[in-house]
Amino acid sequence: MSTEFSESILRWYETNGRKKLPWKVKDPYKIWISEIMLQQTQVATVIPYYNKFVDTYPDLQSLSKASLDELILIWSGLGYYRRIKNIFLAAQIISKKYNNKFPKDYQAILSLPGIGRTTASAISTFSGYSHRAILDGNVKRILRRYYNISYENNSKTEKILWEKSTHVTPLKKTSQFIQAMMDIGSLVCTRSKPNCRICPLRELNCLYTEDVQKISRSKKNVKKINMYLLTVINSLDEVYLEKIESGMLWENLYSGPFFYSAIKMNSWLKKMKISTAKIKNKFEIKHRVTNKDIKITNYVYFLKNNKNVSLSTENWYNLAKINVGIPKYFDKAIKVYRSEYEKDYVQKIEKRG
DNA sequence: TATGCGTGGTT
DNA sequence: TAACCAAGCAT
């Protein structure tokens, strides 16, 4: 164990650490929810989602009663929806196998769906159940700079980084230490323009001068995709939504029907007996996911009487308060539509500023 | 083991 | 604009 390293980090934490984040609590359930939300997601984005979540589901008992649809609704807009499905599955396991008490055993935590080594170690350590190192993006960046380790992303580098993290992580005040590392990573040892002047590792033989030349990684293959989206509205101000099939992007969320070719969209309209004369508006939305650049053309249809079409009567949702989880692009589409066609909505938006 | 998974943000 | 990153995990 490297005492000098950890003592320096812990001293910094005393005066500069983030000790008042909403999930700085003792409840392993709440710590778990926060750790899942924080996977690949920034603190500022998580805070409102976290507060709403623990307000709605304050404990494991309330969570275990929730349906997947309800959980997807509360997760709506946060992204990486597999995470909430795993929370749902884990809640069922905790309910049946652990009598609705969050497990204390590290291997038990690690075996829950959606929980890998870093998340298990963070939950376990923050809950006071163990004293383990983590290896998130912050810790990686600090260690790479401190030890001058290349930015290669292979299993060998990963192994070295885990060894280094375990090496510097103390067995006492472990919780404060790993929190401090993440705080330093996001506040001091930042990706661009790190503030070495105020870094606690400055006088500790940190090897950082400038980032080691990043290995020329294969060009990210971002695909440009056209998507054809249908926003079908009826005279009751309801919108037609379908559950997105498993295997698709955004599976289990709800959306207006969408297609990856205009031909398929048109044959769907024909099958549903929706006359193309009913089209009310058409506009474009740009939406980007990790490796896809999606140009969405949204076609708005208005049906005065939806008895003449073949759409199921079960799939209509109040436009002003859609009570199922929808992807961000559909939220964008609805906002554009409402701002153009609902005077009240426009006024509300203007009032809000 | 390289890739898919969402969204918001920076450079 | 395009590339890259953010409290990673599962396959």
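Note on naming: letters A, B, ... go to the chains in the order of the sequence lines (proteins, then strands), and numbering restarts at 1 for each one. These numbers come from a predicted model, not from an experiment.
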note: A/I184, atom CD1; C/dA7, atom P; distance rounded to Å ~ 13 Å
To the nearest Å, how far apart are A/I296 CD1 and B/dG6 C1'? 12 Å
Check this one for me: any side-chain N or O of A/Q40 less than 4.0 Å away from OP1 or OP2 of C/dG8? yes
What is the nucleic acid contact for A/L21, judged by heavy atoms within less than 4.0 Å: base, sugar-phosphate only, or nothing? base
In this structure, NZ of A/K286 is separated from NZ of A/K332 (nearest 0.5 Å) by 10.5 Å
When the P atoms of C/dA7 and B/dC5 are considered, how many whole Å apart are they? 22 Å
A/L112 CG to A/N86 CG distance, which is reported to the nearest 0.5 Å: 10.0 Å
Please say whether more than 12 non-hydrogen atoms of neighbouring residues, nucleotides or ligands are located less than 6.0 Å from CG in A/L236. yes
Taking the P atom in each of B/dG6 and C/dT11, what is the distance between them to the nearest angstrom? 14 Å
Considering only C/dA7, B/dT7, B/dG9, which nucleotide approaches the side chain of A/V289 most closely? B/dT7
Could A/K140 and A/E158 be called an ion pair, given the rule that one side-chain N must be under 4.0 Å from one carboxylate O? yes
May I ask you to verify if any side-chain N or O of A/K140 is less than 4.0 angstrom from the OP1 or OP2 atom of C/dC5? no
Gap between atom CD1 of A/I244 and atom CZ of A/F330 - 0.5 Å precision: 9.5 Å
What is the distance, to the nearest angstrom, from the CZ atom on A/F330 to the C1' atom on B/dG6? 17 Å
Are there more than 12 heavy atoms of other residues, nucleotides or ligands under 6.0 Å from atom NZ of A/K19? yes
Using whole Å, report how far CG of A/N291 lies from C1' of B/dC5. 8 Å
Test item: A/N298 side-chain N/O and A/F283 main-chain N/O as donor-acceptor pair under 3.5 Å: no
Which part of the nucleic acid, if any, lies within reach of A/I115 when heavy atoms closer than 4.0 Å are counted: base, sugar-phosphate only, or nothing? sugar-phosphate
By nearest heavy atom, map A/K223 and A/S192 onto DNA chain B; which one lands nearer the 5' end? A/K223
Between A/R18 and A/P113, which is nearer to the 5' end of DNA chain C once each is assigned its nearest nucleotide? A/R18
Which residues in residues 244-253 of chain A have a heavy atom closer than 4.0 Å to any atom of DNA chain B? A/L249, A/W250
With a 6.0 Å cut-off (strictly less than), is the heavy-atom count around CD of A/E251, excluding the residue itself, greater than 12? yes
Looking at every strand, decide which applies to A/K224 at a 4.0 Å heavy-atom threshold: base, sugar-phosphate, or nothing. sugar-phosphate
Describe the nucleic acid contact of A/N154 in one word from base, sugar-phosphate, nothing, applying a heavy-atom distance below 4.0 Å. nothing
With no angle test and no hydrogens, is the base of B/dG6 tied to the side chain of A/T41 by a donor-acceptor pair under 3.5 Å? yes
For C/dA6 and B/dT1, measure between their C1' atoms and round to the nearest Å. 22 Å
In Å and rounded to the nearest 0.5 Å, what is the CD1 to OG1 distance from A/I294 to A/T297? 12.0 Å
Between A/T174 (side chain only) and A/R132 (backbone N and O only), is there a donor and an acceptor less than 3.5 Å apart? no
Sorted by number, the residues of residues 69-89 of chain A with heavy-atom contact under 4.0 Å to DNA chain B: A/G77, A/L78, A/G79, A/Y80, A/Y81, A/R82
Between the base of B/dG6 and the side chain of A/T290, is there a donor and acceptor pair under 3.5 angstrom? yes
When the distance from CD1 of A/I178 to C1' of C/dA7 is rounded to whole Å, what number comes out? 10 Å
Given atom CD of A/E35 and atom P of C/dC9, what is their separation to the nearest angstrom? 10 Å
Mind calculating the distance between CD1 (A/I33) and C1' (C/dA7) to the nearest angstrom? 15 Å
Base, sugar-phosphate, or nothing: which does A/R288 touch, judged by heavy atoms less than 4.0 Å apart? base
Compare the minimum distances between each of B/dT1, B/dT7, C/dA6 and the side chain of A/K328, then state the nucleotide with the smallest one. B/dT7
Taking only side-chain N and O atoms of A/H287, does any of them lie within less than 4.0 angstrom of OP1 or OP2 on B/dT7? yes
Euclidean distance, atom CZ of residue A/R191 to atom P of B/dG9 [Å, nearest integer]: 14 Å
Does the side chain of A/T276 pick up a donor-acceptor pair with the side chain of A/Y301 at under 3.5 Å? no
